[in-house]
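Step one of this worksheet: look at the structure below.
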Amino acid sequence: MAASTTDIVEDLDARGLLVQLAGGDELREHLKTGSRTVYCGFDPTAESLHVGSMVPLLVLKRFQMAGHKPIALVGGATGLIGDPSFKASERSLNSEDIVREWVERLKPQLSQFLDFECGDNSAILANNLDWTENYSVLGFLRDVGKHFAVNAMIQKESVKQRLEREGEGISFTEFSYMLLQSYDFAELHRRYNCTLQVGGSDQWGNITGGIDLTRRLHQAQVYGLTTPLITKADGSKFGKSESGTIWLSPTKTSPYAFYQFWLNVADADAYNFLRFFTFLSPAEIKDIEESDRQAQGRPEAQGILAREVTELLHGKAGLDAAVRISEALFSGELSRLTEADLQQLELDGLPCTILESGASGIVEALVSTELARSNKMAREFIGNNAVNVNGQTINDVEFALASAGALHGKYFILRRGKKMFHLLKIG
RNA sequence: GGAGGGGUUCCCGAGUGGCCAAAGGGAUCAGACUGUAAAUCUGACGCGCAAGCUUCGGUGGUUCGAAUCCACCCCCCUCCA
């Protein structure tokens, strides 16, 4: 892929992935007239990225598919400082060791969607620690800091609320975050001729900071583009499910849980998410929306979304496992599962606990599998008819899990509520 | 260093000697209804089967009795130096 074939800005716009453009028509022209280098940064704030990071990560891939060269930047330096943008309060610093470890964990996640061996527009993985670690304080303050006016910095929307909010403040450490990220852009321009930074719309202030700095340091025009922060129609926070944050790491969120997350997306969000998180064309998505509207009952969108995104992240095998578990648990009778099916469920990543004693009360089983937070809660669930073992609703607090009642003599499938399942195995 | 304001159960936030396991809202969970939606309604939401027990930044104290009063300490915010 030498020259770009699709108009990437048009495509992003059609998907609703465009919030702001720094450079406007000039940027559109810039992207149409050659293969450009584009970057997006990801700070190590946890040991794994979560679903929210998939949007910019996939945007990088969209750029690569359109013939441009993507740089995934991991914030080994900025992760030590903490971005204050739109954060309500100061965050505590993570130790250097922790950040270093998270950086290593993030690298493969950042790399997995991008192509590193496709010639001229092969992706690059960078770490901003490389150009900041040995930068002297005095040098940085003189060369970089001098280009920033505090007057302008405090006007940025991203920190304004912090400055004005009663009971909160902002440390100089976090306040200077913008300088670091701005310097990243300038440095990536110098090293790789990077001319575009993309990021969530909360990054606008930091991106424009980088554009200004690059102009001052290198007399070069660079551009910015922001994507929407993903919100849900009902206003609740995107990226959480009943079991917590949806992580990209399969050890933290199993392919099954990941698949279920997408399957449970609200109708009002499903089509937008198809546009944001898949490579289906806007036209195809429109067709799905249209046919769902005409059909009765459950829409197709969530199923398509769940399959597409799960396969994108976890591959065919991960998707198959997720589908197998889902079908076994949600359709058909649990008591009909063969021993091999049950073993497969365990292999596929359904949460599983070994039951040592061979017999256990239902209350303690619920607590030990974390299906209930306390004995009291477990009893309440039972009282509400919310507990189910091997397909049978349990309404007796004294119910005992004994091998006699186990599937194939050793398995229990515990269910709390409608969707929380746990496999219990007599060991 | 000085002056002032503040730290309450996941979050916001009321409570200023007993009626407080602590109002209200949000989040969350369960049930009904459904499509493993949404909306709505009902219930739960420190621990304990219960009697009861442990909570209101920390430690001591006053009191029959403290989240509420006193002392000291820690932390946060605002202004001044």
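Each chain gets a letter, A, B and so on, in the order its sequence line appears, and its residues count up from 1. In what follows, every heavy atom counts, from backbone to side chain, and hydrogens, waters and symmetry copies are set aside.
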TODO: Determine the interatomic distance between C1' on B/C41 and the same-named atom on B/A51; round to the nearest Å.
DONE: 35 Å
Task: Whole-angstrom distance between B/C72 and B/G24, as gauged at atom C1' - done: 35 Å
Task: Same-atom distance (C1') from B/C45 to B/U36, integer angstrom - done: 24 Å
TODO: For B/C76 and B/A71, measure between their P atoms and round to the nearest Å.
DONE: 22 Å
Task: Partner nucleotide, any strand, of B/A37 [Watson-Crick/G-U, under 3.5 Å] - done: none
Would you list the atom pairs, donor with acceptor, under 3.5 Å between side chains in residues 375-387 of chain A and any protein atom, with sequence neighbours excluded?
none

Task: Under 4.0 Å protein heavy-atom contact, by nucleotide of nucleotides 37-51 of chain B - B base, S sugar-phosphate only - done: B-S----S--BBS--
- [ ] Any strand is fair game: report the nucleotide pairing with B/C56 by Watson-Crick or G-U wobble, both distances under 3.5 Å, or none.
- [x] none
Task: Salt-bridge criterion met for A/K286 and A/E290 (N-O under 4.0 Å) - done: no
- [ ] Between B/C20 and B/A30, how far apart are the P atoms? Round to whole Å, please.
- [x] 31 Å
Open item on the list: Using 30° and 60° as the class boundaries, would you call the ring planes of A/F273 and A/F276 parallel, tilted or perpendicular?
Closed with: tilted
TODO: Taking atom P in both B/G13 and B/A3, compute the distance separating them and give it to the nearest angstrom.
DONE: 27 Å
Task: Distance between C1' atoms of B/A37 and B/A44 (Å, rounded) - done: 23 Å
Open item on the list: Rounding to an integer number of angstrom, what distance separates B/C49 and B/A32 when you compare their P atoms?
Closed with: 25 Å
